[in-house]
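Encoded as C-alpha cells, the structure appears first; notes follow it.
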Amino acid sequence: MIQEALREIQRGTAEIIDIERIEKLLKAYFDEEKTYTVKAGFDPTAPDLHLGHTVLLQKLAIFQKYGARVQFLIGSFTAMIGDPTGKNATRKVLTKEDIVTNIDSYTTQAFKILDPEKTDIVYNNEWLDELGAAGMLELASNLTVARMLERDDFSKRYASQTPIAVSEFIYPLLQGYDSVHLASDVEIGGTDQKFNLLMGRQLQKAYDIKKQQAVLMMPILEGLDGVQKMSKSLGNYIGVTDTANDMFGKVLSISDELMWRFYELLSTKTLDEIVELKSGVSDGSLHPKKVKEALALEITARFHSDEEANGAKEEFDKVHAKSQIPTDIAEFECDGEVWIAKALLDCNIEPSTSQARRDIKQGGVKIDQEKVTDDKLVLTAGEYLLQVGKRKFAKLKVN
RNA sequence: GGUGAGAUAGUCAAGUGGCCAACGACGGCGGACUGUAAAUCCGCUCCCUACGGGUUCAGAGGUUCGACUCCUCUUCUCACCA
C-alpha cells in the first residue's frame, strides 16, 4: 500500500529530496491515519492557469489521496517583489489590486483538480506583513551573499552584469520563511524552484522546526511545440478555460513523442496502464492516434465534462477526419455586393485583403466547398459558406 | 558621472546614398502528403479592389534630384571606465 502510494507520488518527478521523510509520513497515515501538510506556492501573477500549472496541482491531488492536507499558498506578499526565477531581467512588481483580482479565478480553476475539503488556502502576507524590519534582518542573517550567488540564475546574471535587485535576494528567504511559519512537511514546486525549495529546509532548521520539509520537484511541461516550456506568452499553451473543442483539438495536435510526456505528467492513468499503451503502439497493435484521442478525451473531460469531451471528439472527427463542416460557425451579414477579399476580412477569417488575395491565389479559399480561383470575385445577394484553409469558417449572408 | 556602440518588419538578423517593401533564419499562413500529428516538399509572408498606388527601417528636424543608409537634436538600450 505504501509502496503503491510512493510510486504514484514519485511518478514524473524530476527530483525528490528526502524521500525517507515522505515514506515516514505515508506510513504514519496508513498506520495511524495521521495527516500531514504539503505546501505549494502560487504566484497570482497571471489569472489564467494552463496545463503546465496543473502538473503541480495533480501531484497535490495525489498527495491528498494519501492523507495530505494541501497548503495552497498564495504569494500575495511575495508577488509584490517578483520572483527572479527563470527571468534574466528584473521583473515588474505587481500592485495589490492586480493580485486580488487574480486570486479568485485562480482558486476556482485549481479546485477542478484539488479537493477543497483537504485544502487550506493561505496568504503569505498574513505573516510576512508582521515580520517587520527586525524579523527581516534576523531572517536575512541566515544566509550569506556567497550562498545566494550559488543560485544559477543569480550567478549568471551577476557574471553577465545584468542587474539584480536586492529585493530579489529576499524572495527565496521569504518563500523559505513561509515553510517555517506553516511548518510544512513537504513542499512541491517546479525544478526551477529548487533553490527556493531548499531554502525552506535550511530555514526550518535555523528556526528549530524539528523536521525539515521533504522537497519534490516536478519538471516543466513542454508546450504544444514540444520544445519550449508551456507558457502563455509563447502561445503554445492549453488553457484550463479553453473550450472543450479547443482543448481536444490542441491535445490531438501534439506530437507522438510529446504525447507520452503528457501522459506521464497529466493523465490519471496508472503507470502500468501507460506502459501497456506504449508497448501496444510500438508493436503496432494500437494506433497512436487512438492513444492520443484517449488522452485528449481524458484531459477535456477533466475541465469540462464527459459529454462535452465526447462532443468535442465527434465534432473533431466530423471537421477533420471527414473534412465536413463544423457545427458552430460564426455568421455575418452585409448589404449589397461584396468583394470576396473584403468579405473574408469582414468575417474575421483573414487579417487583411492582401492576405485574402494571397490565399485565394494559392487555392486556400473555398465558397460552399468550391475552390475560389478568381480574386476579383464579387458576391451578390445570397448565403455563402466561406472557408480559409482547413479550419477557418464563416457564414455570410449578403442582402 | 565619463566614454564608446547600437535602435531595421512577429522574433533574430543583413543592408551603410539610388538596383530596397528591404538578403537570410525562425515563426506564421496556404498547398501536397497524413493520424488537423511529426517529418518532408512547394508557395506566400506591410497595407490598399492592385500589372498600379500608399505607408515603413526608434522619434523629430535637416542635407540631397533621391536616404534604412549622411548631419543635428530627442528618447531608449548595451558595453567599457568611475
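First the proteins, then the strands, lettered A, B, ... as listed; each starts at 1. Below, each value reflects all heavy atoms present in this structure, side chains not excepted, and no hydrogens, waters or symmetry copies.
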**B:rA79 versus B:rC29 - spacing of their C1' atoms, nearest Å** = 39 Å

**Request:** Determine the Euclidean distance between corresponding P atoms of B:rA50 and B:rA32; express it in Å to zero decimal places.
**Result:** 30 Å

**Integer angstrom distance from the C1' of B:rU74 to that of B:rC65** = 29 Å

**B:rU16 to B:rA7 separation - C1' atoms, rounded to the nearest Å** = 15 Å

**Item:** Nucleotide paired to B:rU55 in any strand shown, Watson-Crick or G-U, under 3.5 Å
**Value:** none

**Request:** Report the distance from atom CD of A:Glu222 to atom P of B:rA38, rounded to the nearest whole Å.
**Result:** 16 Å

**Asked** Salt bridge or not for A:Glu293 and A:Lys289, using N-O below 4.0 Å?
**Response** yes

**Message:** Is it the case that the ring center of A:Phe42 lies less than 6.0 angstrom away from the ring center of A:Phe72?
**Reply:** yes

**Request:** Write down the distance between CG (A:Leu258) and P (B:rG35), rounded to a whole number of angstrom.
**Result:** 20 Å

**Prompt:** With rounding to whole Å, what would you report as the distance between B:rG30 and B:rA38 at their P atoms?
**Reply:** 12 Å

**Prompt:** Quick one: do A:Leu377 and A:Ile360 end up in the same hydrophobic cluster if we chain Ile, Leu, Val, Met, Phe, Trp and Tyr together by side-chain heavy atoms under 4.5 Å apart?
**Reply:** yes

**Message:** Say we look at B:rU8 and B:rG59: how far apart would their C1' atoms be, to the nearest angstrom?
**Reply:** 15 Å

**Item:** Per A:Pro288 side chain, nearest of listed nucleotides B:rU49, B:rG30, B:rG35
**Value:** B:rG35

**Asked** Hey, any chance A:Ile62 and A:Tyr263 share a hydrophobic cluster, counting ILVMFWY side chains that come within less than 4.5 Å of each other, even indirectly?
**Response** yes

**Prompt:** What interatomic distance, in whole Å, is found between P of B:rC12 and the corresponding atom of B:rC48?
**Reply:** 25 Å

**Message:** With a 3.5 Å limit on both atom pairs, tell me what B:rC19 is paired to, counting Watson-Crick and G-U wobble, or say none.
**Reply:** none

**Message:** Judged by each residue's nearest nucleotide on RNA chain B, which is more toward the 5′ side, A:Leu345 or A:Ser255?
**Reply:** A:Ser255

**Request:** Give the rounded distance in Å between these two atoms: CD1 of A:Ile340 and C1' of B:rU49.
**Result:** 13 Å

**Prompt:** Between A:Leu252 (CG) and B:rA38 (C1'), how many Å, whole number?
**Reply:** 13 Å

**Counterpart base for B:rA9, defined by Watson-Crick or G-U wobble contacts under 3.5 Å** = none

**Request:** Just name whichever nucleotide pairs with B:rA67, Watson-Crick or G-U, keeping both distances under 3.5 Å, else none.
**Result:** none

**Prompt:** How close or far is atom C1' of B:rG35 from atom CG of A:Asp256, stated in whole angstroms?
**Reply:** 8 Å

**Item:** Integer angstrom distance from the C1' of B:rC78 to that of B:rU72
**Value:** 23 Å

**Prompt:** Counting only Watson-Crick or G-U wobble pairs whose two distances fall under 3.5 Å, which nucleotide matches B:rA14?
**Reply:** none

**Prompt:** Base, sugar-phosphate, or nothing: which does A:Lys366 touch, judged by heavy atoms less than 4.0 Å apart?
**Reply:** nothing

**Asked** Among the clusters formed by ILVMFWY side chains lying less than 4.5 Å apart, do A:Phe332 and A:Val372 turn up in the same one?
**Response** yes

**Request:** Round to a whole Å and report the spacing from CG of A:Asp374 to P of B:rA50.
**Result:** 14 Å

**Item:** Interatomic distance where CZ belongs to A:Arg391 and P belongs to B:rG30 [whole Å]
**Value:** 7 Å

**Request:** Give one of base, sugar-phosphate or nothing for A:Lys342, where a contact means two heavy atoms less than 4.0 Å apart.
**Result:** nothing

**Request:** Specify the residue among A:Gly364 and A:Glu337 whose closest nucleotide of RNA chain B lies further upstream toward the 5′ end.
**Result:** A:Gly364

**Message:** Does this structure show an ion pair linking A:Lys397 with A:Asp335, if we count only N-O contacts that are shorter than 4.0 Å?
**Reply:** no

Check: residues 12-23 of chain A side-chain donor-acceptor pairs under 3.5 Å, at least two apart:
unit_1  : atom_1 : unit_2   : atom_2 : d
A:Thr13 : OG1    : A:Gln10  : O      : 2.7
A:Glu15 : OE1    : A:Lys194 : NZ     : 3.1
A:Glu15 : OE2    : A:Lys194 : NZ     : 3.3
A:Asp18 : OD1    : A:Arg21  : N      : 3.3
A:Asp18 : OD2    : A:Arg201 : NH1    : 3.3
A:Arg21 : NH1    : A:Gln212 : O      : 2.5
A:Arg21 : NH2    : A:Asp185 : OD1    : 2.8

**Request:** Describe the nucleic acid contact of A:Lys390 in one word from base, sugar-phosphate, nothing, applying a heavy-atom distance below 4.0 Å.
**Result:** base

Polar atom pairs (N or O), protein with nucleotides 45-47 of chain B, under 3.5 Å:
unit_1 : atom_1 : unit_2   : atom_2 : d
B:rC47 : OP1    : A:Ser352 : OG     : 3.0
B:rC47 : OP2    : A:Arg358 : NH2    : 2.7

**Request:** Look through every strand shown and name the nucleotide pairing with B:rC80 as Watson-Crick or G-U wobble, where both distances are under 3.5 Å.
**Result:** B:rG2

**Asked** So, A:Lys395 and A:Glu383, do they make that salt bridge, N to O below 4.0 Å?
**Response** no

**Message:** Can you identify which nucleotide, out of B:rU49, B:rG35, B:rC29, has its nearest atom closest to the A:Asp359 side chain?
**Reply:** B:rC29

**Asked** Rounded to whole angstrom units, what separation is found between the NE2 atom of A:His287 and the P atom of B:rA38?
**Response** 15 Å

**Request:** Under a 3.5 Å limit for both distances, which nucleotide forms a Watson-Crick or G-U wobble pair with B:rA50, could you say?
**Result:** none

**Request:** Using the side chain to side chain donor-acceptor pair (under 3.5 Å) rule, pick out the option among A:Gln175, A:Glu187, A:Gln213 that qualifies with A:Lys39.
**Result:** A:Glu187

**Prompt:** Is the NZ or CZ atom of A:Lys250 both under 6.0 Å from the centre of the six-membered ring of A:Tyr237 and within 45° of that ring's axis?
**Reply:** yes

**Request:** Searching all strands shown, indicate the nucleotide that pairs with B:rA32 (Watson-Crick or G-U wobble; both distances under 3.5 Å).
**Result:** B:rU40

